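For reference, the structure discussed in these notes is given below.
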Amino acid sequence: MQQTDSLEYKIEQRLARVGIIGLGGGASAMIPKFAANANYHVAAAADIDQGQLDAFSSRYEGKTFLSAEELCNSSVVDIIYIATPNQFHTEHVLMALDGGKHVLVEKPMTLNLADADAMIDAAERNDRRLGVNVKHSFAPRVRKVRDMVTS
C-alpha cells in the first residue's frame with residue numbers, strides 16, 4: 001500500500017485488535033495506552049452505558065456493543081481488556097476465553113481462588129493467553145515494599 005497515512009495501512013501494521021469490556025475508570029487509563037502503542041488497534045468496546053459507547057466510538061472509531069457477550073463473540077477483536085467491576089471479572093473472562101479471545105483483566109483477577117482456577121483452566125483449554133493488569137508493579141512505593149520484604 002502506497003499511502004502510509006491511511007487507516008487501513010495503520011490497522012494492518014498493528015499486531016492485535018483490542019476490545020474493551022467496561023468503559024469506566026480502569027479503562028480510561030488503559031485505552032489511551034493501547035491507542036498510543038503501534039502494536040495495538042483499539043477496535044471495539046462493550047458497556048451498558050450508551051453515552052460511554054458513543055464517546056468511545058467518537059474518539060476511537062471502534063465498533064460498540066451493549067453486551068459483553070456480543071463483543072466476546074465478535075470477529076473484530078483478538079484480545080479483550082476487561083475493566084468491569086470485580087464481581088463480573090470471572091463471567092467476562094470465561095466468556096472471552098471461550099469466545100477464542102486472549103484476555104487482559106484488571107486486578108484483582110477475581111474474588112476467590114476457585115474462580116481463578118476456572119479462568120486458568122479456560123485459558124489452557126482454549127489455547128489463549130490470560131494476563132492480569134497490575135499497573136502499579138513498578139511504582140516506587142511498590143518497589144520499596146518489595147525491597148523491604150526481600151531484605
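Everything numeric here is computed off the predicted structure, so don't read it as measured data.
- The side chain to side chain donor-acceptor pair (under 3.5 Å) check on Gln87 picks up nothing, with sequence neighbours excluded.
- By the side chain to side chain donor-acceptor pair (under 3.5 Å) test, Asn112 is found to be paired with Asp115, residues two or more places apart in sequence or in another chain being considered.
- Residue pairs satisfying the salt bridge (charged side-chain N to carboxylate O under 4.0 Å, His left out) criterion with at least one member in residues 28-38, sequence neighbours excluded, are absent.
- Partners of Phe65 according to the ring-ring contact (aromatic ring centres under 6.0 Å, His included) rule, which considers only residues two or more places apart in sequence or in another chain, do not exist here.
- For Asp54, the salt bridge (charged side-chain N to carboxylate O under 4.0 Å, His left out) test picks out no residue, with sequence neighbours left out.
- Here Ala27 pairs with Ile20, Ile31, Tyr81, Ala83 under the side chain to side chain contact (heavy atoms under 4.5 Å, CB included) rule; sequence neighbours left out.
- Partners of Asn86 under the side chain to side chain contact (heavy atoms under 4.5 Å, CB included) rule, at least two apart in sequence or in another chain, are His89, Pro108, Leu111.
- Judged as a side chain to side chain contact (heavy atoms under 4.5 Å, CB included), and not counting sequence neighbours, Ile48 has no contacts.
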Side-chain donor/acceptor pairs under 3.5 Å, residues 69-76, sequence neighbours excluded:
| residue | atom | partner | partner atom | Å |
| --- | --- | --- | --- | --- |
| Glu70 | OE1 | Ser67 | OG | 3.3 |
| Asn73 | ND2 | Glu69 | O | 3.2 |
| Ser74 | OG | Val76 | N | 3.1 |

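- Pairs passing the salt bridge (charged side-chain N to carboxylate O under 4.0 Å, His left out) check and including a residue from residues 76-85, sequence neighbours excluded, read Arg17-Asp78.
- Residues satisfying the side chain to side chain donor-acceptor pair (under 3.5 Å) test with Thr64, not counting sequence neighbours, are none.
- Between Val18 and Val77, every side-chain heavy-atom pair lies at or beyond the 4.5 Å cut-off.
- With sequence neighbours excluded, the residues satisfying side chain to side chain contact (heavy atoms under 4.5 Å, CB included) with His102 are Ile79, Arg128, Arg129.
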